[in-house]
Amino acid sequence: SEFQVREISVSGMMIEADVALKPETALELEMRLGRWKFTSPARIIYMAEIDLQDGSLRYRMGVAFVDSTPEQKEKLEKFIRTELSKAGET
């Protein structure tokens with residue numbers, strides 16, 4: 001399923017999607033971070049409905065990364081630092 005990342009950290013992220021997943025749902029997450037593919041077991045920690053102006057419904061969910069390796073966390077930190085420096089938020 002497709003999703004849009006709204007916020008990201010080394011421990012998890014907030015996403016928006018057309019499909020709702022209930023809290024405590026376990027999933028295998030896969031996403032592209034620049035040239036690097038990030039995969040990790042994950043767990044939904046919260047879900048909220050979002051009403052859009054066009055009348056459609058989307059879902060905002062908190063996702064916790066589960067059992068990320070030190071290497072994954074390091075790559076994720078590097079990606080976040082790079083993106084923040086591009087945005088001028090160092």
Side-chain angles (χ1 to χ4, degrees):
S1 181
E2 300 267 327
F3 59 88
Q4 185 174 28
V5 177
R6 292 298 188 188
E7 294 181 19
I8 190 166
S9 73
V10 294
S11 61
M13 62 186 176
M14 181 178 64
I15 63 170
E16 286 184 11
D18 295 327
V19 177
L21 297 173
K22 293 181 180 179
E24 300 305 320
T25 299
L27 58 137
E28 184 64 32
L29 182 69
E30 181 178 304
M31 63 182 172
R32 182 132 324 261
L33 300 174
R35 296 178 300 205
W36 177 58
K37 184 169 81 172
F38 179 80
T39 58
S40 176
R43 181 174 53 86
I44 302 298
I45 55 173
Y46 74 86
M47 187 277 296
E49 293 181 353
I50 306 168
D51 293 315
L52 300 178
Q53 290 179 345
D54 65 4
S56 63
L57 190 62
R58 285 185 58 88
Y59 302 92
R60 181 170 289 152
M61 291 167 276
V63 180
F65 304 139
V66 180
D67 298 327
S68 297
T69 66
E71 180 185 2
Q72 287 174 309
K73 289 179 183 180
E74 184 179 319
K75 286 183 177 181
L76 197 48
E77 283 177 355
K78 183 178 179 180
F79 172 79
I80 293 167
R81 276 195 311 273
T82 300
E83 291 301 305
L84 287 175
S85 67
K86 285 181 190 175
E89 299 178 19
T90 55

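In what follows, residues are counted from 1 in the order of the sequence shown. The figures here come from the full heavy-atom set of this structure, side chains too, leaving out hydrogens, waters and symmetry mates.
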Practice problem: Hey, could you give me the CD1/CE distance between Ile45 and Met14, rounded to the nearest 0.5 Å? | Solution: 11.0 Å
Quiz item: Roughly how far, to the nearest 0.5 Å, is CD of Glu2 from CD of Glu16?
Solution: 14.0 Å
Identify the heavy atoms of [X] and [Y] that sit nearest to each other, and give their distance.
{"X": "Ala17", "Y": "Met61", "result": "CB-CE, 3.7 Å"}
{"X": "Leu33", "Y": "Phe38", "result": "CD1-CB, 3.8 Å"}
{"X": "Thr25", "Y": "Leu27", "result": "O-CD2, 3.8 Å"}
{"X": "Val5", "Y": "Met31", "result": "CG2-SD, 4.3 Å"}

Side chains of [X] and [Y], heavy atoms from C-beta outward: is any pair under 4.5 Å?
{"X": "Phe79", "Y": "Lys75", "answer": "no"}
{"X": "Met13", "Y": "Leu76", "answer": "no"}
{"X": "Lys22", "Y": "Met47", "answer": "no"}
{"X": "Asp18", "Y": "Arg58", "answer": "yes"}
{"X": "Phe65", "Y": "Lys73", "answer": "no"}
{"X": "Tyr59", "Y": "Glu49", "answer": "yes"}
{"X": "Leu57", "Y": "Asp51", "answer": "yes"}

Quiz prompt | Glu71, CD: over 12 other non-hydrogen atoms inside 6.0 angstrom | solution = no
Self-check item: N/O donor-acceptor pair under 3.5 Å between Gln72 side chain and Thr39 backbone
Solution: yes
Quiz item: Are the side chain of Ser40 and the backbone N or O of Ala42 linked by a donor-acceptor pair below 3.5 Å?
Solution: no
Quiz item: Do Ile8 and Leu29 share a hydrophobic cluster (ILVMFWY, side-chain heavy atoms under 4.5 Å, transitive)?
Solution: yes
Quiz item: Mind checking whether Val10 and Ile44 sit in one hydrophobic cluster, side chains of I, L, V, M, F, W, Y counted as touching below 4.5 Å?
Solution: yes
Quiz prompt | Stepwise side-chain contact (heavy atoms from CB on, under 4.5 Å) check, Val63 with Leu21 | solution = CA-CA 10 Å; Val63 180; Leu21 297 173; over 6 Å; no
Quiz prompt | Worked check of salt bridge (Lys or Arg N to Asp or Glu O under 4.0 Å) between Glu74 and Lys78 | solution = CA-CA 6 Å; Glu74 184 179 319; Lys78 183 178 179 180; over 6 Å; no
